[in-house]
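Every chain is numbered from 1 and lettered A, B, ... according to where its sequence line falls, protein lines coming before strand lines. Computed from a predicted structure; not experimentally measured. Side chains are part of it too, since the values below use all heavy atoms of this structure and drop only hydrogens, waters and symmetry mates.
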Amino acid sequence: MLDVKQISTHKDAFIKALKKRNFNAEDLFEKLLKLDEERRQTQKQLDDTLAESNQLSKEIGALFKQGKADEANAIKEKTGALKENSKQLNHKMESLLTELQDLLYTIPNVPHELVPAGQTEDDNQEIYSKGDIPKLSHKSLPHWELAKKYDLIDFELGNKITGAGFPVFKGKGAKLQRALITYFLDKNTDAGYQEVQVPLLVNEASGYGTGQLPDKEGQMYHVTGDNLYLIPTAEVPITNIFRGNMLNESELPIQLTGYTACFRREAGSYGAHVRGLNRLHQFDKVELVNLTTPEQSYQMLDDMVEHVKDILDELKLPYRILRLCGGDLGFTSALTYDFEVFSTAQDRWLEISSVSNFETFQANRLKIRYKSANQKKQLVHTLNGSSLALPRVIAGILENYQTDEGIKIPEVLVPYTGFEWIK
RNA sequence: GGAGAAAUGGCAGAGUGGUCGAAUGCGGCAGUCUUGAAAACUGUUGAGGGUCACACCUCCGGGGGUUCGAAUCCCUCUUUCUCCGCCA
């Protein structure tokens, strides 16, 4: 959520930047600023009315104390009108505030200057790529065939137990996934992140805090009996740890990492490109969440990119990094880098990590602030990224490491899996 | 799930209808003293809105109500604690 004050001071710059998203903010901003002006005037009227009744109440109290009940009762007569007046002003304030908020909720974050203009994912900027795409023999298979051949993942069994998109990992497949989780967490904690284990169900307030609600309600599984939501990403519970907090600058940056299962309804996305592990309703992910100062957040973003790069380098997977264009940029993000690993057998890139700086967009909604050295209070910048989304890493490993003898385990993982080959 | 008790500032803890945004203690900050520190003493110290700055308004778990006036009374929700039941 953008800040009205920011909008009013940087109106033209924001309008221009939002155009990169193909978002026309001009009329909206006009309306918004007008509403805000009205809000302030109404607030003033309300305050004055309340001040007057407070004053009268005090007088009544004093008069009763002096035993002048008649005079007190005379003043009481006057309070009725004031009460009615403040009631109406209160209603007006309420509707103005919801109108303002509803309007603010529809405005996406202002893209950073590095964000290229563009409409679709084809306009994303490739800024880095590494790793040769292995020449696989004609016998090479897509990961869902490999998973079946070596009995690593059973998609049908998941159908039976739950439904499509809930695979069962078995044997070395399960072990490989567990090894990856531990490896990622170790890498992250070595880099200074604190590991956390968080709830997989969140309440409504948390959903609103990180922006999944109200817009993406249909993407989350809703446990109606208790009005809780299954998390679509660890970002939700981890960022909400700090909802409403006033932090000290000395506590920043806060760097947390957590492993969770993630649940997404993915309504309406079916077809060949969601085969196998490409898109699931339940999947595992290790997430990075950072809270930092505005001065340091872009350095932090670069650090996160380097960190994820390091992991992919160690896994020796062919990957590329994209800077998302305005049209592809997520609603809440100011600047996002996507990491994609090449799926050799499918001959396509798979997104395995997305690293974003949200600047104050989330912090404003969540009211996460910090007190700087000079006691000034301001919103923190929040950033997050995946390290990494497990199923697609597994898809990448299975496909890129397949040989005629079996699937070779990336060297760095062997201490975690305890085996070198899947045969 | 049943019965009871409670929720107040960073923490502890007073406050049961008006002068309470809230005693007191601890903690924090600033100062005195000291070569420096500790101790002691003095002062200061919640958040949000609003204003050039004041004024002023709102907030005592959330929401609603009674009243001229609510931290204080009533309703409701949530959470915590104790006891019982159930359970990994």
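- Proximity of A/K377 to the phosphate of B/G48: a side-chain N or O atom is located under 4.0 Å from OP1 or OP2.
- Across the P atoms, B/A6 and B/U16 are found 14 Å apart, a figure rounded to whole Å.
- The A/K5 side chain lies nearest to B/G50 when the options are B/C57, B/A47, B/G50.
- Between B/A70 and B/C59, the two P atoms lie 9 Å apart (nearest whole Å).
- Residues A/D303 and A/Q299 have side chains that bring a donor and an acceptor to within less than 3.5 angstrom of each other.
- B/U76 sits 25 Å from B/U82 when the P atoms are compared, rounded to a whole Å.
- Nucleic acid contact for A/N54: sugar-phosphate only, since backbone atoms but no base atoms lie under 4.0 Å from a heavy atom of the residue.
- Counting to the nearest Å, the C1' atom of B/A47 and the CD1 atom of A/I368 are 17 Å from each other.
- A/D284 and A/Y259 form a side-chain donor-acceptor contact under 3.5 Å, judged by distance and modelled atom types alone.
- Between the side chain of A/D154 and the main chain of A/L157, a donor-acceptor pair closer than 3.5 Å is present.
- Checking B/C87 for Watson-Crick or G-U wobble geometry (two distances, each under 3.5 Å) identifies no partner in any strand.
- Residue A/Q41 contributes atom CD, which lies 20 Å from atom P of B/C57 at whole-angstrom precision.
- As rounded to whole Å, 14 Å separates atom C1' of B/C59 from atom CE of A/M93.
- Atoms CG (A/D47) and P (B/A55) sit 13 Å apart, rounded to a whole Å.
- Contact annotation: A/R369 does not reach the phosphate of B/A47 (side-chain N/O to OP1 or OP2, under 4.0 Å).
- Look at CG on A/D3: it is 13 Å from C1' on B/G49, rounded to the nearest Å.
- Going from the P atom of B/C74 to that of B/A23 covers 25 Å, rounded to whole Å.
- Comparing the P positions of B/C75 and B/C20 gives a spacing of 28 Å, expressed to the nearest Å.
- A side-chain donor from one of A/Q41 and A/E37 sits under 3.5 Å from a side-chain acceptor of the other.
- Mapped onto RNA chain B by nearest heavy atom, A/K87 and A/G61 fall at different nucleotides, with A/G61 at the one closer to the 5' end.
- The residue among A/T79 and A/A51 whose nearest nucleotide of RNA chain B is located toward the 5' end is A/A51.
- Looking only at atom types and distance, the side chain of A/E195 has no donor-acceptor partner in the side chain of A/T189 under 3.5 Å away.
- Base pairing of B/C41: its partner is B/G31, meeting the Watson-Crick or G-U wobble criterion (both donor-acceptor distances under 3.5 Å).
- Of the listed nucleotides (B/A47, B/C57, B/C68), B/A47 has the atom at the smallest distance from the side chain of A/K371.
- Pair assignment for B/G21 gives none, since no Watson-Crick or G-U wobble pairing has each distance under 3.5 Å.
- Within the shown strands, nothing qualifies as a pairing partner of B/A14 under the Watson-Crick or G-U definition with both distances less than 3.5 Å.
- Note on A/K58: every side-chain N or O is 4.0 Å or more away from OP1 and OP2 of B/C68.
- Distance noted for atom P between B/G64 and B/G69: 16 Å (whole Å).
- Rounded to whole Å, the P atom of B/U34 lies 41 Å from the corresponding atom of B/A53.
- Out of B/G18, B/U67, B/G50, the shortest distance to the side chain of A/R40 is found at B/G50.
- In this structure, B/C81 and B/G4 make a Watson-Crick or G-U wobble pair, each of the two defining distances being under 3.5 angstrom.
- For A/M246, the side-chain atoms get nearest to B/G48 when compared with the rest of B/C56, B/G48, B/U67.
- Ring to ring, A/Y298 and A/H112 are close: their centroids are under 6.0 angstrom apart.
- Using N1 to N3 plus N6-O4 or O6-N4 for Watson-Crick, or N1-O2 and O6-N3 for G-U wobble, each under 3.5 Å, B/A47 pairs with B/U58.
- Distance, A/E204 CD to B/G62 P: 18 Å, rounded to whole Å.
- Applying the side chain to side chain contact (heavy atoms under 4.5 Å, CB included) criterion to A/C325, with sequence neighbours excluded, gives A/P116, A/D123, A/N124, A/D328.
- We find that A/D36 and A/R40 are joined by a salt bridge, their nearest charged nitrogen and carboxylate oxygen being less than 4.0 Å apart.
- Straight-line distance from the CD atom of A/Q45 to the C1' atom of B/C56: 15 Å, rounded to whole Å.
- The gap from the P atom of B/C81 to that of B/G31 amounts to 43 Å, rounded to the nearest Å.
- The nucleotide B/A71 finds no pairing partner, because no Watson-Crick or G-U wobble arrangement with both distances shorter than 3.5 Å includes it.
- When heavy atoms are screened at a 4.0 angstrom cut-off, A/I60 is found touching base atoms of the nucleic acid.
- Put simply, CG on A/L56 is 8 Å from C1' on B/C68, counting in whole angstrom units.
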